[in-house]
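Labels below follow one simple rule: chain letters A, B, ... track the order of the sequence lines, proteins then strands, and each chain is numbered from 1.
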Amino acid sequence: MTVSAEQRRVRFAPSPTGYLHIGGARTVLFNWLLAQKTGGKFILRIEDTDRSRHVEDSVGKILADLRWLGLNWDEGPEAGGDVGPYFQSKRLDIYQKFTDRLLESGQAYYAMESAEELASAREKSRAEKRDFKYPRPSPLPTIDEGRAARESGQAVPVRFKMPDEDIVIQDDVLGEVRLSASDVEDFIIQKHDGWPTYHFACVVDDELMGITDVLRGQEHLSNTPKHVALQNALGFRTPRYAHLPIIFNSDGSKMSKRDKEKAIAKGLAPPEIDVHDFRVAGYAPEALLNFISLLGWSPGGDREQLSIEETVDLFTVDRIGTANARFDRDKLIAFNTDWVAKIPSDRLVTLLRDFSQVNDLSMAAADDATLARLLECCKGFRTFRDVQSKTGFLFVDDADIAFDPKAVKKVLAKNDGAGFAMLEHLRRNFKKLDPWDEAGIEQLIASLCAEHDVKMGAIAQPIRVAVTGSTISPPIHDTLILLGRERTLRRIDRAIEHGAAEAA
RNA sequence: GGCCCCAUCGUCUAGUGGUUUAGGACACCGGCUUUUCAUGCCGGCAACACGGGUUCGAAUCCCGUUGGGGUCACCA
């Protein structure tokens, strides 16, 4: 009999509590990378066993985030597959079957204490500075006693009888990790309402879905002995494990969704935490992916900026690091800047359109050619947010331009209104300029520079403030051509009126 | 606190006993380019946590200390 090379099957199993977290995205990426590299399958499974934490439509959001990143799944929601359903809430009968098996073999038992009793026992231990470990009852309640209790309305969960022997894990990243089983209590595998806990559902599904490799965050390391013990009790295989370093904020704190609320409360810009935040902030998914691939992994040598194809090619689990990493947004910005400079125009247009749509900008209505032109004029931009702040003035009505007081003061009002005076000259000359094109505008400005013996800035800046309300815009000739003669003139008039009103 | 994991520039990391005056990138500092904002270019600063071993030789191996992190739910 020939032995075919085992096909690797990996999974990402989010719980539907909101958008995809950036740390989760890194976990997805590594799993996806392993599947791509080995010709294996990447499975998406939804761990929705906690109805109280369920957030409306978060599955849709997670799928959208994954799609935006370009990380497709072979099996799972909207993809189907032979070992579904891929929502744990639809697999309750399966978990029940395995729970019964454990109950009947005496490897699990109904635990009769109430949650309140346990909570107070834990509290008491804490007060006395003792560790609390659930005391296994002796004798164990029988199955009949447990069922009878449940039928009478008592909230009775099922606990796993944790075996005595130590558990040794061969981790592909950390190496051998030995844990003492005596440190692990008889944990709950089925809640009182009959739903499985995470540990149990996870172990059952990984087996039934044929998962060969589990790549997950290091925060799960201490769960692993529970999972292995369960696998042994159920007669399941143990998959290969690889625990990934954890990603922290640049100050070393945990990157949590709460950081956003805290920043907003302090009046600061909320940090990007979820994948969706980075999408809204104007990053390109290829840059984000490249950046997070380097958090806990390295291709070796001096290589950093890699396409996803190169990353797949270079990826190996044994190059995953052991030390936790911090997320440095400045470096991400630098990566993004480099990436958008080399992404082809049509792809850039797609990304800019997506950016303007998720931000609900009026720019979203512009056609592809316009967007491409905008991108061209903003060369050197770092994120799509830069493109927005530089060209947003085009999508505002002439009458709605808001003048930045600082800019007006510095560029127009200073030196007895030299800027305003220049605007008057400009207005007359722009009216007769024909044709209205780059060469004409440049020539006109150059001759004005010579005529008034001033530098380019003395002319370009007043125009910029007049037509955009700010000192930020594309090069001045691009700005004017994009706007057109009529709108330029209207805006200059309005700026002059604005100045007169201020002076009065 | 118990158990477990980790430890190279401020940050991400390269480095797997000699090729290392420890390399790259970001940040930072200085300079240049520039009509704004960016971009770009040039240069600079900057690390093997500490203490013991092992070895002819250690950032690389072992032990300890210190420091950081994770985890101890009817959450996942």
Side-chain angles (χ1 to χ4, degrees), chain A residues 13-17 47-50 52-53 88 111 114-115 118-119 122 126 129-134 155-159 169 171 173-175 177-180 182-185 187-193 195-199 201-202 217-225 243 245-246 248 250-252 254 291 294-305 321-335 337-338 341 378-382 386-387 389-390 407 411 442 445 449 455-465 468 470-477 479:
Chain A
S15 121
T17 55
E47 308 218 322
D48 52 350
T49 56
D50 184 352
S52 66
R53 288 215 315 167
Q88 291 187 328
S114 71
L118 276 173
R122 279 201 191 90
R126 187 171 12 206
K129 294 193 190 297
R130 283 186 295 109
D131 286 330
F132 180 82
K133 184 181 165 193
Y134 175 81
V156 178
V158 176
R159 283 181 187 267
I169 300 152
D171 190 281
V173 169
L174 300 174
V177 181
R178 172 175 263 100
L179 295 131
S180 167
S182 59
D183 293 328
V184 183
E185 65 177 19
F187 57 96
I188 291 175
I189 58 173
Q190 188 187 66
K191 305 173 198 174
H192 72 88
D193 61 4
W195 285 58
T197 56
Y198 156 72
H199 302 296
C202 175
Q218 236 174 65
E219 67 271 18
H220 283 288
L221 183 60
S222 54
N223 288 330
T224 312
H243 287 92
I246 303 175
F248 293 101
S250 49
D251 65 1
K254 208 167 176 178
F291 181 73
L294 266 14
L295 259 24
W297 175 81
S298 159
D302 291 343
R303 302 198 65 186
E304 273 201 329
Q305 296 194 8
T322 49
N324 292 158
R326 297 182 184 208
F327 193 97
D328 180 0
R329 286 183 182 72
D330 287 331
K331 186 153 180 171
L332 205 216
I333 290 175
F335 264 56
T337 306
D338 289 344
C378 290
K379 274 213 154 88
F381 69 94
R382 299 174 315 219
D386 285 353
V387 177
S389 54
K390 230 168 172 174
V411 176
E442 276 188 346
I445 293 178
C449 280
K455 288 191 177 166
M456 188 79 96
I459 295 177
Q461 285 301 78
I463 303 175
R464 203 172 332 255
V465 174
T468 71
S470 79
T471 56
I472 301 170
S473 90
I476 204 65
H477 55 269
T479 300

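- Contacts of A:G217 with the nucleic acid, taken as non-hydrogen atoms under 4.0 Å apart, are absent.
- Contacts of A:S470 with the nucleic acid, taken as non-hydrogen atoms under 4.0 Å apart, are absent.
- As judged by a 4.0 angstrom heavy-atom cut-off over every strand, A:R382 is placed among residues touching the sugar-phosphate backbone only.
- A:I463 comes within 4.0 angstrom of nothing in the nucleic acid, heavy atoms only.
- Among the heavy atoms of the strands lying under 4.0 Å from A:E47 are primed sugar atoms or P, OP1, OP2 only; no base atom is included.
- If you check every strand for non-hydrogen atoms under 4.0 Å, A:I476 touches a base.
- No contact: A:K129 has no heavy atom under 4.0 Å from any strand.
- Nucleic acid contact for A:P474: base, since at least one base atom lies under 4.0 Å from a heavy atom of the residue.
- At the heavy-atom level, A:H243 lies nowhere under 4.0 Å from the strands shown.
- Within the 6.0 Å centre-distance limit, the rings of A:F327 and A:F291 are counted as a close aromatic pair.
- Residue A:S15 is classed as a sugar-phosphate contact, given heavy-atom separations below 4.0 Å to backbone atoms only.
- If you check every strand for non-hydrogen atoms under 4.0 Å, A:F327 touches nothing.
- With respect to the salt-bridge test (charged N to carboxylate O, under 4.0 angstrom), the residues A:K254 and A:E219 do not qualify.
- When both pairing distances are held under 3.5 Å, B:G30 makes a Watson-Crick or G-U pair with B:C42.
- Taking the C1' atom of each, B:A22 and B:U16 are spaced 15 Å apart, rounded to whole Å.
- Residue contacts for A:P14: at a heavy-atom cut-off of 4.0 Å it reaches no nucleic acid atom on any strand shown.
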Mind listing the N/O atom pairs, protein and nucleotides 71-74 of chain B, below 3.5 Å?
| from | atom 1 | to | atom 2 | distance (Å) |
| --- | --- | --- | --- | --- |
| B:U71 | O4' | A:S222 | OG | 3.3 |
| B:U71 | O2' | A:S222 | OG | 3.3 |
| B:A73 | OP2 | A:R122 | NE | 3.3 |
| B:C74 | OP2 | A:R122 | NH2 | 3.3 |
| B:C74 | O2 | A:H192 | N | 2.8 |
| B:C74 | N4 | A:A155 | O | 3.2 |

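- Counting any heavy atom pair closer than 4.0 Å across all strands shown, A:T322 reaches sugar-phosphate atoms only and no base atom.
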